[in-house]
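Side-chain atoms are counted along with the backbone in the values below, which use heavy atoms only and exclude waters and symmetry mates. Note on naming: letters A, B, ... go to the chains in the order of the sequence lines (proteins, then strands), and numbering restarts at 1 for each one.
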There are 4 protein chains.
Amino acid sequence: MRNIDTDKEQAIFQAALRLIQQEGFAGLKMSILAKEAQMAAGTIYLYFKSKEDLINRLYITLKRRSAKSFLKGYDPKAPFMEGFELIWQNFLDTNLANPEESAFLEQYYRSPYLDKTVQDEADQLVAPVFELLERGKRERLVKEAPTEMLVAQLTGFVAALTQLHASGGLTMTAAFKNAALAMAWDGVKR
Amino acid sequence: MRNIDTDKEQAIFQAALRLIQQEGFAGLKMSILAKEAQMAAGTIYLYFKSKEDLINRLYITLKRRSAKSFLKGYDPKAPFMEGFELIWQNFLDTNLANPEESAFLEQYYRSPYLDKTVQDEADQLVAPVFELLERGKRERLVKEAPTEMLVAQLTGFVAALTQLHASGGLTMTAAFKNAALAMAWDGVKR
Amino acid sequence: MRNIDTDKEQAIFQAALRLIQQEGFAGLKMSILAKEAQMAAGTIYLYFKSKEDLINRLYITLKRRSAKSFLKGYDPKAPFMEGFELIWQNFLDTNLANPEESAFLEQYYRSPYLDKTVQDEADQLVAPVFELLERGKRERLVKEAPTEMLVAQLTGFVAALTQLHASGGLTMTAAFKNAALAMAWDGVKR
Amino acid sequence: MRNIDTDKEQAIFQAALRLIQQEGFAGLKMSILAKEAQMAAGTIYLYFKSKEDLINRLYITLKRRSAKSFLKGYDPKAPFMEGFELIWQNFLDTNLANPEESAFLEQYYRSPYLDKTVQDEADQLVAPVFELLERGKRERLVKEAPTEMLVAQLTGFVAALTQLHASGGLTMTAAFKNAALAMAWDGVKR
DNA sequence: TATGAATGAGGGTTCATTCAT
DNA sequence: GATGAATGAACCCTCATTCAT
């Protein structure tokens with residue numbers, strides 16, 4: 001008997017990301033996905049109930065991975081500025097290093113597969129960032145604007161940078177990353 | 001003088017935007033579009049060669065309309081700060097007022113319909129913004145960062161705000177708009 | 001513009017019956033059905049929402065046609081014996097003349113497409129037969145057995161005869177039909 | 001002495017009958033069958049060459065079991081009436097007690113699995129009934145109708161009664177069984 | 001012998017596009 | 001020009017069967 005291969009799920013995820021980056025969400029055809037993941041079409045359905053299930057599980061997996069990555073080394077008790085810089089740098093690096101994931105996450109939001117419960121769970125993962133900014137406001141370091149707005153500037157900036165970088169419009173050197181950090185901080189600082 | 005053809009084209013464009021906002025890009029089925037635009041499916045093909053043609057022409061139309069809107073009243077010879085504030089405010093207002101267009105533009109970029117020549121023409125329309133920011137750098141008002149990066153922060157912020165606003169996450173009062181302007185300016189100013 | 005062709009529905013019904021008789025319920029593949037009905041696969045879906053819809057509407061159509069056929073000329077006020085003979089003869093003739101319909105009706109009952117509401121409506125159509133037999137019991141002409149049992153013998157007999165005839169096991173001459181009528185009547189008569 | 005192989009075969013047969021009764025012929029999926037029979041899907045293929053083979057062997061097995069059951073205690077040399085009553089009662093009881101088998105036999109006939117040789121062998125098993133009725137005709141006890149027609153009435157009646165009983169439409173008491181015997185006999189008697 | 005993961009042909013259905021009216 | 005019925009390629013998914021363990 002062939003043992004169930006947990007790597008198969010990962011192989012499907014990887015292939016799906018590749019296809020979505022290359023051809024967009026519309027390029028995710030189950031038969032092509034199977035070919036890309038080097039298996040038969042039916043095999044995908046041993047690991048995922050449907051295309052919808054595949055996309056939603058891919059989404060939450062990426063969101064979790066992303067959150068884990070940008071919160072790496074984050075200590076809520078460390079000074080505010082330290083936390084802000086760490087998360088910002090992690091977040092930018094994570095996004096630059098995984099442009100397919102960013103492409104997917106962006107498109108999921110507008111897709112017919114969007115699942116409210118999945119979305120809600122994903123929102124929880126970003127909570128620490130909201131808390132950090134609120135603390136920043138209390139410590140008089142951050143502008144007295146709605147937290148959503150502050151987050152909007154930070155994430156919007158990273159999203160735009162990632163897209164720019166992925167399309168070859170800008171190579172992100174260390175110097176540029178520092179410039180971006182300065183811009184991000186200047187935008188939200190008091 | 002009414003141009004009958006152009007009226008139909010506009011009806012199709014409007015219906016398409018409505019459907020895309022409601023159901024996403026995937027919700028744009030030609031037969032449903034025809035119903036929404038109150039005509040027969042075949043009629044669409046009298047005005048557009050194909051779905052691809054329809055989407056690309058919708059894209060460039062929206063881009064032109066958007067550029068015209070956010071450059072309204074803009075005088076390249078006026079002081080930098082005046083121009084910056086004008087464009088920013090126009091841009092934010094335009095996006096907030098037309099969330100369907102923003103939704104469409106965002107998705108077009110990742111769709112299989114994306115056409116390089118169309119995209120290039122669209123990029124030309126934003127040139128004045130690049131020129132303004134470069135002038136800002138020369139006048140020592142704006143940070144010495146790559147213009148693409150500066151633009152990324154500004155447009156990324158607006159895109160995120162628009163999405164937030166459209167999803168009901170934040171009501172944009174005049175005070176909030178001023179706060180956003182301040183944040184945007186602080187991000188790029190020297 | 002091509003006008004909607006109500007004959008198309010009939011063509012689909014006829015083709016479906018032919019296929020079901022030839023290959024059984026399992027032989028009803030939508031693509032083969034389209035070929036048999038001389039149209040494209042998609043066309044079927046202009047007239048029927050789904051395969052399930054097609055089968056249920058075919059069922060109720062056949063049931064109505066069958067009821068209309070075996071009640072043809074039936075007068076509830078005529079003497080019992082006259083009504084019994086008329087219905088029996090009509091019923092046998094109808095079944096012998098339309099073996100595909102009998103084959104279909106038989107298989108529908110055991111299929112996953114069976115719909116309770118449709119089935120209920122169909123049962124209503126046989127009501128006159130139940131009423132006739134009950135009247136027969138009141139007039140002391142028919143056995144004092146449950147009406148369901150009386151009907152079971154009559155319909156079971158016809159079903160078996162139809163199958164026999166369709167498979168070539170017995171050619172139904174006028175003499176044989178008379179013999180069958182005598183057997184049917186002897187079975188239920190007092 | 002337990003024959004392991006035959007045990008598995010029986011388990012598969014039982015499970016198949018259960019599934020067919022519950023969901024109809026279309027409900028017989030090999031993987032579900034395996035689960036119902038508490039074994040792996042591949043195991044079924046150690047005992048049956050294919051689904052077709054499984055169904056045909058199930059058919060002939062049931063037919064043999066049925067024939068053995070309704071001929072139990074039958075003595076071709078006993079008086080006609082005794083034989084007729086015995087077989088009729090056995091046949092009705094057998095069918096009422098095994099509605100899944102009846103459901104299966106009915107559907108097999110219309111299925112794409114029907115195999116002529118298997119069918120022929122099955123027909124042999126009913127030969128004693130034909131012989132009995134022919135003897136009845138010679139003894140002037142039974143109507144001078146084609147034997148196939150006589151059999152049609154008897155088996156059609158039992159099939160209809162079984163279905164009625166299985167669907168809950170009629171509870172078969174001893175009195176009702178006697179009434180059925182009377183009806184059956186009246187139908188064929190001279 | 002037994003397992004159950006893997007296969008892939010083939011099913012039902014959708015939808016961009018065509019074409020007869 | 002306008003219509004919408006008709007088309008058929010292509011999609012998602014199922015399931016009988018195989019095969020590595």
Side-chain angles (χ1 to χ4, degrees), chain A residues 1-6 8 26-35 37-55, chain B residues 4-5 7-8 26-35 37-55 113, chain C residues 1-6 8 26-35 37-55, chain D residues 4-5 7-8 26-35 37-55 113:
Chain A
M1 190 197 83
R2 304 179 215 175
N3 272 321
I4 189 136
D5 192 351
T6 16
K8 281 247 158 67
L28 192 63
K29 321 274 171 72
M30 295 306 267
S31 56
I32 297 179
L33 173 57
K35 212 163 282 171
Q38 305 201 65
M39 61 186 71
T43 307
I44 296 175
Y45 290 85
L46 293 176
Y47 296 89
F48 301 94
K49 211 162 54 68
S50 64
K51 187 177 179 180
E52 188 182 348
D53 180 42
L54 160 60
I55 286 175
Chain B
I4 289 181
D5 287 15
D7 277 5
K8 280 249 158 68
L28 191 64
K29 322 265 170 79
M30 296 304 269
S31 57
I32 297 180
L33 173 58
K35 207 164 285 172
Q38 307 201 60
M39 62 187 69
T43 307
I44 295 176
Y45 286 84
L46 296 175
Y47 298 90
F48 300 94
K49 206 162 59 69
S50 64
K51 188 177 180 181
E52 187 181 349
D53 180 41
L54 160 58
I55 284 174
Y113 301 109
Chain C
M1 191 197 83
R2 304 177 214 175
N3 272 321
I4 190 137
D5 193 351
T6 18
K8 281 247 158 65
L28 192 63
K29 320 274 170 75
M30 296 304 268
S31 55
I32 297 179
L33 173 57
K35 212 163 283 172
Q38 305 201 62
M39 61 187 70
T43 307
I44 296 175
Y45 289 86
L46 294 176
Y47 296 87
F48 300 94
K49 212 162 53 68
S50 63
K51 188 177 179 181
E52 187 181 348
D53 181 41
L54 161 59
I55 286 175
Chain D
I4 288 181
D5 287 13
D7 277 6
K8 280 249 158 66
L28 191 64
K29 322 268 169 76
M30 296 304 268
S31 56
I32 297 180
L33 173 57
K35 208 164 283 171
Q38 306 201 60
M39 62 187 70
T43 308
I44 296 176
Y45 288 84
L46 297 175
Y47 297 90
F48 300 95
K49 206 161 60 72
S50 65
K51 189 177 179 181
E52 189 181 347
D53 180 40
L54 159 59
I55 286 174
Y113 301 109

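Judged by closest nucleotide on DNA chain E, A:I44 is the one of A:I44 and C:I32 placed further toward the 5' end. Position along DNA chain F of the nearest nucleotide to B:Q38 versus A:A41 favours B:Q38 as the more 5'-ward residue. Summary of the strand contacts: B:A26 and D:A40 both lie near DNA chain E, and taking for each the nucleotide with the nearest heavy atom, the more 5' one is attributed to D:A40. Both A:S31 and B:M39 lie close to DNA chain F; mapped to their nearest nucleotides by heavy-atom distance, the more 5′-ward contact belongs to B:M39.
Rounded to an integer number of Å, the gap from CG of D:D7 to C1' of E:dA2 is 16 Å. Between B:Y45 atom OH and E:dA20 atom P there is a gap of 18 Å when expressed in whole angstrom units. Regarding B:K29, its NZ atom lies at a distance of 14 Å from the P atom of E:dT17, rounded to whole Å. One atom, NZ of A:K35, and another, C1' of E:dA9, lie 13 Å apart when rounded to the nearest Å.
In this structure, C:K51 contributes its side chain and C:L28 its backbone to a donor-acceptor pair below 3.5 Å.
Residues from residues 48-55 of chain B that place a heavy atom under 4.0 Å from any atom of DNA chain E, listed by number: B:S50, B:K51.
Of the side-chain N and O atoms in B:Y47, none sit less than 4.0 angstrom from OP1 or OP2 of F:dG1.
Residue contacts shown for C:L33 are absent, as no nucleic acid heavy atom lies under 4.0 Å away. Residue contacts shown for B:L28 are limited to sugar-phosphate atoms, with no base heavy atom under 4.0 Å away.
Between C:K8 and C:L46 the shortest side-chain heavy-atom distance does not fall below 4.5 Å. Contact of the D:L33 side chain with the D:M30 side chain is registered, since non-hydrogen atoms from C-beta on lie closer than 4.5 Å.
Side-chain atoms of A:T43 lie closest to E:dA6 of the nucleotides E:dT17, E:dA6, F:dA2. With E:dA5, E:dT13, E:dA2 as the candidates, the nucleotide lying closest to the side chain of A:L46 is E:dA5.
The minimum heavy-atom distance linking C:D53 with C:F48 is given by the pair OD2-CA, 3.5 Å.
Using the Watson-Crick or G-U wobble rule with both distances under 3.5 Å, E:dA20 pairs with F:dT3.
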